[in-house]
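As the structure is a prediction and not an experimental result, all values here were calculated from the model. Below, all heavy atoms of this structure are taken into account, side chains as well, without hydrogens, waters or symmetry copies.
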Amino acid sequence: MEGLSKMLDKANQIHWLEGFKVESSVGNSISVSHLLYANDTLIFCGADRSQVLYLNLTLMIFEAISGLHMNRFKSTIYPVNTVPNMEELAELMGCNVGSFPTT
């Protein structure tokens, strides 16, 4: 998973994906594009078609290199705020749409 993490970091650096920024009161900030925990991976990106296509490309490259495959039937895309094209984005990813709160 270290390889996937590095690939997602690179995708964030070249602006394929935009995560979110967390800022402190002293002006420091950190950009979060993904979180890995045990067998779960959370990937944060903007709700636009190009970012979802770049995310798919990154995941396909990872799958080709590592031989590991993402189970899209067990994957869910969660919208934050209003996302008018949510169904289109979920279709591009080949996964379900979820809602908050979730477990």
Side-chain angles (χ1 to χ4, degrees):
M1 295 318 294
E2 183 69 24
L4 176 61
S5 183
K6 295 293 183 188
M7 289 178 71
L8 292 169
D9 284 340
K10 187 64 173 179
N12 192 13
Q13 288 174 355
I14 61 175
H15 304 290
W16 277 12
L17 303 175
E18 291 179 22
F20 64 91
K21 287 192 188 258
V22 178
E23 297 188 29
S24 71
S25 59
V26 293
N28 297 335
S29 69
I30 185 170
S31 179
V32 179
S33 62
H34 62 283
L35 298 171
L36 304 174
Y37 180 77
N39 293 330
D40 294 320
T41 302
L42 298 171
I43 301 172
F44 304 97
C45 71
D48 60 74
R49 182 177 171 81
S50 65
Q51 286 195 48
V52 172
L53 290 172
Y54 281 130
L55 175 57
N56 265 335
L57 179 60
T58 303
L59 293 172
M60 284 191 312
I61 293 168
F62 173 74
E63 289 177 350
I65 291 169
S66 69
L68 300 173
H69 298 282
M70 183 176 111
N71 186 341
R72 294 181 190 255
F73 293 112
K74 291 172 58 178
S75 300
T76 307
I77 185 170
Y78 291 94
V80 175
N81 297 323
T82 303
V83 180
N85 59 338
M86 189 75 255
E87 293 300 325
E88 175 192 2
L89 299 177
E91 189 174 312
L92 286 172
M93 287 298 298
C95 61
N96 299 312
V97 177
S99 62
F100 292 110
T102 186
T103 55

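Partners of Phe100 under the ring-ring contact (aromatic ring centres under 6.0 Å, His included) rule, at least two apart in sequence or in another chain, are Tyr78. In terms of the side-chain contact (heavy atoms from CB on, under 4.5 Å) criterion, residue partners of Leu35 (sequence neighbours excluded) are, by chain and number, Val32, Leu42, Phe44. Residues satisfying the salt bridge (Lys or Arg N to Asp or Glu O under 4.0 Å) test with Glu2, not counting sequence neighbours, are Lys6. Partners of Asn71 under the side-chain contact (heavy atoms from CB on, under 4.5 Å) rule, at least two apart in sequence or in another chain, are Phe73, Lys74. Scanning for salt bridge (Lys or Arg N to Asp or Glu O under 4.0 Å) contacts around Arg49 gives Glu88, with sequence neighbours left out. For Met86, the side-chain contact (heavy atoms from CB on, under 4.5 Å) partners at least two apart in sequence or on another chain are Ile77, Pro79, Val83, Leu89, Val97.
The backbone N or O of Gly46 lies less than 3.5 Å from a partner atom in the side chain of Gln51, making a donor-acceptor pair.
Between Leu4 and Leu8, the closest side-chain pair of non-hydrogen atoms falls below 4.5 Å. Within the 4.5 Å cutoff, the side chain of Ser75 has no heavy atoms near those of the Met93 side chain.
Distance check, rounded to the nearest 0.5 Å: CE of Met7 to CD1 of Ile61 gives 5.0 Å. The distance from atom CG of Leu57 to atom OG of Ser50, rounded to the nearest 0.5 Å, is 12.0 Å. For the atom pair Leu55 CG and Ile43 CD1, the distance stands at 5.0 Å (nearest 0.5 Å). Interatomic distance, CE of Met1 versus CG of Asn39, reported as 8.5 Å (0.5 Å rounding). Atoms OG1 and CD, from Thr58 and Glu63 in turn, are 11.0 Å apart once rounded to the nearest 0.5 Å.
Legend: salt bridge (charged side-chain N to carboxylate O under 4.0 Å, His left out) pairs involving residues 31-48, not counting sequence neighbours: none detected. The salt bridge (charged side-chain N to carboxylate O under 4.0 Å, His left out) pairs that include a residue from residues 8-20 number zero, where partners must be two or more places apart or lie in different chains. For residues 22-35, the set of pairs meeting the side-chain hydrogen bond (donor to acceptor under 3.5 Å, both in side chains) definition, not counting sequence neighbours, comprises Ser5-His34, Asn12-Ser31. Pairs of residues two or more places apart, or lying in two chains, never qualify as ring pair (Phe, Tyr, Trp, His ring centres under 6.0 Å) while including a residue from residues 80-99. Applying the ring pair (Phe, Tyr, Trp, His ring centres under 6.0 Å) definition to pairs two or more places apart or across chains, those involving residues 50-72 are Trp16-Tyr54.
Side-chain heavy atoms closer than 4.5 Å link hydrophobic residues (I, L, V, M, F, W, Y) into clusters, and following such links, even through other members, never connects Phe20 to Tyr37.
Using a 4.5 Å cut-off between side-chain heavy atoms of Ile, Leu, Val, Met, Phe, Trp and Tyr, Val26 forms no hydrophobic cluster with any other residue.
Within 6.0 Å of atom CD1 in Ile30, 12 or fewer heavy atoms from other residues, nucleotides or ligands are found, so the atom counts as exposed in its surroundings.
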